[in-house]
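Report on the following structure.
In what follows, every chain begins at residue 1, and chains take the letters A, B, ... in the order their sequences are listed.
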Amino acid sequence: MLTGAVMPELPEVETIRRDLDAHIVGRRISRADVLDASLVQAPAVDVFSRRLIGGRVRTVGRRGKYLRVQVAESWMVMHLMMSGRIYLQPASERVRHTRLVITFDRGPALHFVDTRRFGRAWLLSVSELDDLMADMGMEPLEDGFDGPKLHELLRDRQRAIKPTLLDQTIVAGIGNIYADESLWLARIHPATPAGSLSRRKLDDLAAAIGTALRTAIAHGGTSFRTFADARGRPGRNQERLNVFRRTGEPCPRCGRIVKRIVIGQRSTHICPGCQRIHR
DNA sequence: CATTGGACCTGACCGC
DNA sequence: TGCGGTCAGGTCCAAT
């Protein structure tokens with residue numbers, strides 16, 4: 001059993017959440033081995049492990065790109081950042097770059113594997129969890145995320161729409177892939193000032209974000225690379241991407257050649273035919 | 001306030 | 001084969 005041969009934006013984290021929900025809820029933690037202390041943000045590593053052991057997993061949730069596992073009365077929070085992965089496999093099967101292994105009373109262990117070591121974990125009380133999540137923006141898959149809501153969130157903002165979508169305090173969970181895909185779907189140039197988008201374009205954008213995220217979840221997320229030693233199921237959504245990392249290929253809608261530009265220091269992929277700067 | 005640039009890490013890949 | 005440069009799905013912090 002393996003989950004997480006995918007890279008983490010909202011759909012990938014949601015895919016992992018569903019796997020964990022199906023496989024670790026109700027299990028009791030028997031070991032918690034932190035192999036890289038820099039992963040654990042709070043509390044101290046020894047307290048983190050000690051407090052987990054003996055606890056039973058109650059729920060597995062997600063907020064934006066954060067995974068939240070309720071263990072007894074505490075919340076174990078994980079953020080995978082750029083290269084984090086979660087594997088469910090026997091505790092003894094350690095791949096390279098394993099940072100944390102949580103072993104249960106039965107079934108596979110949870111492995112947090114992270115090449116670049118940007119990923120983080122916390123074990124928090126309810127109020128500490130609330131503090132950590134305090135600045136998070138709206139969940140784009142929740143009811144009420146629509147054009148009028150985007151209008152409310154984006155009006156008066158001069159910043160380009162793409163970095164605005166990546167700002168987790170406005171909308172939570174969109175990353176570089178789904179920002180590009182959503183803007184392409186809505187035919188919006190990523191450099192368009194957010195506050196200048198018409199009501200109609202904002203309707204399109206809200207719908208496009210929902211479509212991009214839901215499609216990706218339905219296909220198990222996006223994976224760009226599989227590892228020689230990784231077994232299991234990579235995501236399949238990369239086959240459905242329209243512009244992201246498709247530089248030089250034809251736009252599926254109009255046939256113009258997809259171009260890579262840089263906006264806000266991030267790689268950005270657009271169709272120069274479909275996505276023009278205006279309102 | 002908003003915006004920009006650098007830092008944090010490791011590895012893959014490309015051209016020479 | 002080796003070396004240097006570039007790139008990578010994210011976030012935080014300091015400087016402007």
Checklist entry - Would you call A:Arg50 and A:Asp46 a salt bridge, using N to O less than 4.0 angstrom? => result yes
Checklist entry - Looking only at atom C1', what distance separates C:dG10 and B:dC1, rounded to whole Å? => result 23 Å
Checklist entry - Looking only at atom P, what distance separates C:dT6 and B:dG5, rounded to whole Å? => result 16 Å
Checklist entry - Taking only N and O in the side chain of A:His97, is any of them less than 4.0 Å away from OP1 or OP2 of B:dC9? => result no
Checklist entry - Is A:Arg253 close enough and on-axis enough to A:Trp184, meaning under 6.0 Å and within 45°, for cation-pi? => result yes
Checklist entry - Considering all heavy atoms of both residues, which atom of A:Leu241 and which atom of A:Arg246 are nearest to each other, and what is their separation? => result O-NE, 2.7 Å
Checklist entry - In whole Å, what is the span from the CZ atom of A:Arg260 to the C1' atom of C:dG9? => result 14 Å
Item to check | Short side-chain N/O contact to C:dA8 OP1/OP2 from A:Ser267, under 4.0 Å | outcome: yes
Next on the checklist: Can you check the distance between C:dC3 and B:dC8, where both ends of the measurement are the C1' atom (answer in whole Å)?
Outcome noted: 24 Å
Item to check | Protein-to-nucleotide contact annotation, 5' to 3' order, nucleotides 10-15 of chain C [B base; S sugar-phosphate only; - none; under 4.0 Å, heavy atom] | outcome: BSS---
Next on the checklist: So does A:Lys149 get a backbone contact from the side chain of A:Asp146, meaning a donor-acceptor N/O pair under 3.5 Å?
Outcome noted: yes
Distances under 3.5 Å between protein N/O atoms and the N/O atoms of nucleotides 2-5 of chain B, please, pair by pair.
unit_1 : atom_1 : unit_2   : atom_2 : d
B:dT3  : OP1    : A:Arg159 : N      : 3.0
B:dT3  : OP2    : A:Arg159 : NE     : 2.8
B:dG5  : OP2    : A:Gln265 : OE1    : 3.1
B:dG5  : N7     : A:Gln265 : NE2    : 3.1

Result block: side-chain N/O donor-acceptor pairs under 3.5 angstrom for residues 255-266 of chain A, not counting sequence neighbours:
unit_1   : atom_1 : unit_2   : atom_2 : d
A:Arg260 : NE     : A:Ser267 : OG     : 2.6
A:Arg260 : NH2    : A:Ser267 : OG     : 2.8

Item to check | Heavy-atom side-chain proximity of A:Arg245 to A:His269 below 4.5 angstrom | outcome: yes
Next on the checklist: I need the NZ-P distance between A:Lys162 and C:dG9, as an integer number of Å.
Outcome noted: 8 Å
Next on the checklist: Do A:Asp36 and A:Arg117 make a side-chain contact, defined as non-hydrogen atoms from C-beta onward lying under 4.5 Å apart?
Outcome noted: yes
Next on the checklist: For the P atoms, the ones on B:dA2 and on C:dG9, what distance do you get once it is rounded to whole angstrom?
Outcome noted: 24 Å
Next on the checklist: Within the 4.0 Å heavy-atom criterion, would you say A:Phe244 contacts the bases, only the backbone, or no part of the nucleic acid?
Outcome noted: sugar-phosphate
Atom pairs and distances, donor-acceptor, side-chain atoms in residues 72-79 of chain A, under 3.5 Å, two or more places apart:
unit_1  : atom_1 : unit_2  : atom_2 : d
A:Glu73 : OE2    : A:Arg58 : NH1    : 2.9
A:His79 : ND1    : A:Met81 : N      : 2.9

Checklist entry - Less than 4.0 Å between a side-chain N and a carboxylate O, is that true for A:Lys65 and A:Glu12? => result no
Next on the checklist: Suppose we screen for side-chain hydrogen bond (donor to acceptor under 3.5 Å, both in side chains). Which residues come up paired with A:Glu128, at least two apart in sequence or across chains?
Outcome noted: A:Ser125
Next on the checklist: Between A:Lys162 and A:Asp180 (salt bridge meaning N to carboxylate O under 4.0 Å), is one present in this structure?
Outcome noted: yes
Item to check | Watson-Crick or G-U stems involving DNA chain B, each at least 3 pairs long, distances under 3.5 Å, ordered by first number | outcome: B:2-8 with C:10-16, B:10-16 with C:2-8
Next on the checklist: Please determine whether a side-chain nitrogen or oxygen atom of A:Arg96 lies at a distance below 4.0 Å from atom OP1 or OP2 of B:dG11.
Outcome noted: yes
